[in-house]
Amino acid sequence: MRKKKLSPLEEMSRELEQWIKKLKCSGTTGLTIESFQDIKIGVDKSPVNRQSKSLEVYPSSEIDEMEDQLIKEGPLNNSKLDGRGKLIFPNGDTISGEFNEGQRFGYCEVILRESRNNIIAIRGNYKDDLIDGKAKIYFKDRCWLDGYFKYGVQHGFARMFDKKGRLKFVGNFRNGAAVGVCWTIVRGGGCIVGRVNSEGEHTGCRIAYLYPDFMTVLVGTFQKGVLQRAQETKIESIVEEESGIKIPVFSRPSGHVHVREIGDYSKICSEECNSEQTISQFPGPDPLIPDPYESKFLEVKKSKISGANEGLFAKQDIEPNTVIAFYNGSRANPADFDPSTWETNNYRIFDPADIPNGTIDIPIWAQETSAYCSSLAHKCNHSFTPNSEFVVFDHPKFGLIPCLTSTADIFKGEEVFVGYGYDLNDSPEWYKEGWKNSVFAKQGVSYKDWLDCNVKRPIGLRERRHDA
């Protein structure tokens, strides 16, 4: 796509996007955060309270008490390791690395056979037998921390990664606790940014949720990282703390008050009406309030597919790997599933919050955009040459739901398509006929091969629901 000159808002959003992208570099692919000279990281310069909680699993006092039980490998000085060596504990735990007169001094690795304080390993720099400088802490649940320490206490820039190596948290620590403005990276590409409380949680007011474009923002009240009430705002500027944390400064929020609203078996939202009086009394759940991010990318118009009704169309040029639409709805009751017809199952899709049995549905009243347009992905039509796919997104209002992500360039005015991925033997006739007439079928490509290449998460509900 042709690149255009960025506006000041776009430049600021790009700055934040690139900063987060660089912070995601964990070193597993060879590229580390130290590769970027513009990223400020390190130990916090403030004094450390040495009585603060330490993450050390083998303090010096415990090692001294077990002195006679330890196996020592490496150069000794007065029976103490001095140089590169290894301590082996009776239970099989090991400490290997650089020692100075028996104390860890330099890079060391602590490997545990069984977890201690939920920790299974420590890899990092030591000084006088205490973690000092950069270290990685690996936890029992396979998540890990990449941060800075002083006198054994976490005290400086830190990042948290989940068991799949995905960045989950960025912030600064003092005396073992997260402080100031921190970032939580949410599944799907959104971020929560704001000051954390004494528990290290995003709880309170003036906390922001940034959509994946880093331009669309909701600012308001959060409870433990969950949106309670928020309004739209814009980024006015970006400041950078001495600790290296970037802080977006927002304009005064205004407009509709968005609230957290998770659909259940009986509803999509709690106040399913759109009168002005209801909106003023119960701000947030109105089904006619468009998603502020989704509405920038897509609109609903008459589909160009023969026999189809409405479809999704791009309002702007869209690059690949862009989240573009959300599939919110009510949770479908398994008892209501009728495998004998497609008429009542056209809008059912997997529920990522309840894999493998959960199902999201669009109730009959909400199938027209005149009644419901808070999310639009259910309006996306099928194609065997799709330009988008379903993935999972943790939405600030709707929770964990499917979303559409572009898989190719989509130009302004172009219709958005997704591969439904039905079980071919148990699909509607129009789907079977479409596959039969597709270029893939005519070229001898098997349906399974097409499915593997084009559909990351098939809708495929009928067979699964029939077996349930």
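Values in this document were obtained by computation on a predicted structure and should not be read as measured data. Counting from 1, the numbers follow the sequence of the chain as shown.
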Below 4.5 Å, heavy atoms only, C-beta onward: do Arg142 and Phe161 meet side chain to side chain? no

Minimal non-hydrogen separation, Ala325 against Leu298, with atom names: CB-CD1, 3.5 Å

Less than 4.5 Å apart, any side-chain heavy atom of Leu55 and any of Ile122? no

Minimum side-chain heavy-atom gap Phe222-Cys205 below 4.5 Å: no

Show your reasoning for whether side-chain contact (heavy atoms from CB on, under 4.5 Å) applies to Phe398 and Ile360. CA-CA 12 Å; Phe398 309 134; Ile360 290 177; over 6 Å; no

Any donor and acceptor pair, going by atom type alone, linking the side chain of His155 with main-chain N or O of Ser46 inside 3.5 Å? yes

Could you work out, with ring pair (Phe, Tyr, Trp, His ring centres under 6.0 Å) as the rule, every residue matching Tyr209, not counting sequence neighbours? Tyr211

Going from OH on Tyr347 to NE2 on His378, what distance comes out if it is rounded to the nearest 0.5 angstrom? 6.0 Å

For a side-chain contact (heavy atoms from CB on, under 4.5 Å) check, start with the C-alpha distance between Val416 and Ile410, then their side-chain angles and the critical distance, and finish with the verdict. CA-CA 8 Å; Val416 178; Ile410 304 175; 4.2 Å; yes

Should Cys182 and Val170 count as side-chain neighbours, where that means a heavy-atom distance under 4.5 Å? no

Answer with yes or no after comparing the ring centroid distance for Trp19 and Trp183 against a 6.0 Å cut-off, counting only values under it. yes

Check whether any side-chain N or O of Glu241 sits under 3.5 Å from a backbone N or O of Ile247 as a donor-acceptor pair, and report yes or no. no

If you apply the rule salt bridge (Lys or Arg N to Asp or Glu O under 4.0 Å), what do you find for Glu34 with Lys134, and how did you get there? CA-CA 11 Å; Glu34 289 81 9; Lys134 185 177 181 180; 2.4 Å; yes

Counting distance only, does the side-chain N/O of Asn387 pair as donor-acceptor with the main-chain N or O of Glu415 below 3.5 Å? yes

As an exercise, state the distance from CG of Leu167 to CD1 of Ile185, rounded to the nearest 0.5 Å. 4.0 Å

Report yes if the distance between the aromatic ring centroids of Phe384 and Tyr431 is under 6.0 Å, otherwise no. yes

Parallel, tilted or perpendicular for Trp450 and Phe440, by the 30°/60° rule? tilted

Taking all atoms of both residues into account, what is the closest heavy-atom pair of Cys373 and Leu288, and its distance? SG-O, 3.5 Å

Mind running salt bridge (Lys or Arg N to Asp or Glu O under 4.0 Å) on Asp351 and Arg331 for me, showing each step along the way? CA-CA 8 Å; Asp351 179 4; Arg331 266 54 185 181; 3.2 Å; yes

Checking Thr203 side chain against Lys224 main chain: does a donor-acceptor pair fall under 3.5 Å? yes

Residues Gly188 and Pro212: closest non-hydrogen pair is O-CG, 4.0 Å

Does Lys136 have any salt bridge (Lys or Arg N to Asp or Glu O under 4.0 Å) partners at least two apart in sequence or in another chain, and if so, which? none

Scan Ser374, Ser375, Ser370 and name whichever one has a side chain to side chain donor-acceptor pair (under 3.5 Å) with Tyr372. Ser375

Could you tell me whether the side chain of Arg260 and the main chain of Pro396 form a donor-acceptor pair under 3.5 Å? yes

Any side-chain heavy atom of Thr407 sitting closer than 4.5 Å to one from Pro386? no

Roughly how far apart are Phe139 CZ and Asn117 CG, rounded to 0.5 Å? 10.0 Å

Report yes or no: does Tyr327 contribute a side-chain atom to a donor-acceptor pair with the main-chain N or O of Phe350 at less than 3.5 Å? no

Without swapping roles, check the side chain of Glu236 against the backbone of Val249 for a donor-acceptor pair under 3.5 Å. no

Could you tell me whether Phe326 and His395 have their ring centroids closer than 6.0 angstrom? yes

Looking at CZ of Phe390 and SG of Cys403, how far apart are the two atoms once the value is rounded to the nearest 0.5 Å? 9.0 Å

Glu414: which residues meet the salt bridge (Lys or Arg N to Asp or Glu O under 4.0 Å) condition with it, sequence neighbours left out? none

Does Glu242 have any salt bridge (Lys or Arg N to Asp or Glu O under 4.0 Å) partners at least two apart in sequence or in another chain, and if so, which? Lys45

Got Glu232 and His258 here, is their nearest side-chain heavy-atom distance under 4.5 Å? yes

Do Lys315 and Lys296 pass the side-chain contact (heavy atoms from CB on, under 4.5 Å) test, and can you show the C-alpha distance, the side-chain angles, and the key distance before you say yes or no? CA-CA 7 Å; Lys315 293 172 67 175; Lys296 291 181 178 180; over 6 Å; no

Counting N and O atoms only, with roles assigned by atom type, does the side chain of Glu15 sit under 3.5 Å from a partner on the main chain of Met12, one being a donor and the other an acceptor? no

May I ask you to decide if Pro363's main-chain N or O and Asp361's side chain share a donor-acceptor pair within less than 3.5 Å? no

If you measure from the Lys or Arg side-chain nitrogens to the Asp or Glu carboxylate oxygens, is any gap between Lys397 and Asp291 under 4.0 Å? no

Any Leu16 side-chain heavy atom under 4.5 Å of Leu210 side chain: yes

Does any non-hydrogen side-chain atom of Arg195 lie less than 4.5 Å from one of Ile207? no

Which pair of non-hydrogen atoms, one from Ile111 and one from Ala121, has the smallest distance, and what is that distance? CD1-CB, 4.0 Å

Arg159 side-chain N/O to Leu23 backbone N/O, donor-acceptor pair under 3.5 Å: yes

Might you work through the side-chain contact (heavy atoms from CB on, under 4.5 Å) test for Thr405 and Thr322, ending with a clear yes or no? CA-CA 5 Å; Thr405 298; Thr322 301; 5.7 Å; no

side-chain hydrogen bond (donor to acceptor under 3.5 Å, both in side chains) filter on Tyr138, not counting sequence neighbours, yields none

How about Ser115 and Asn118: does a side-chain donor come under 3.5 Å of a side-chain acceptor? no

Calculate, to the nearest 0.5 Å, the distance between atoms CD1 and CZ belonging to Ile324 and Phe297 respectively. 8.5 Å

Applying salt bridge (Lys or Arg N to Asp or Glu O under 4.0 Å), can you list everything that pairs with Glu240, at least two apart in sequence or on another chain? Lys246

Which heavy-atom pair separates Gly194 from His202 by the least distance, and what is that distance? O-NE2, 3.2 Å

Calculate, to the nearest 0.5 Å, the distance between atoms CD1 and CD1 belonging to Ile262 and Ile268 respectively. 12.5 Å

In terms of heavy-atom contacts, Gln231 and Pro253 come closest through CB-CB, 3.8 Å

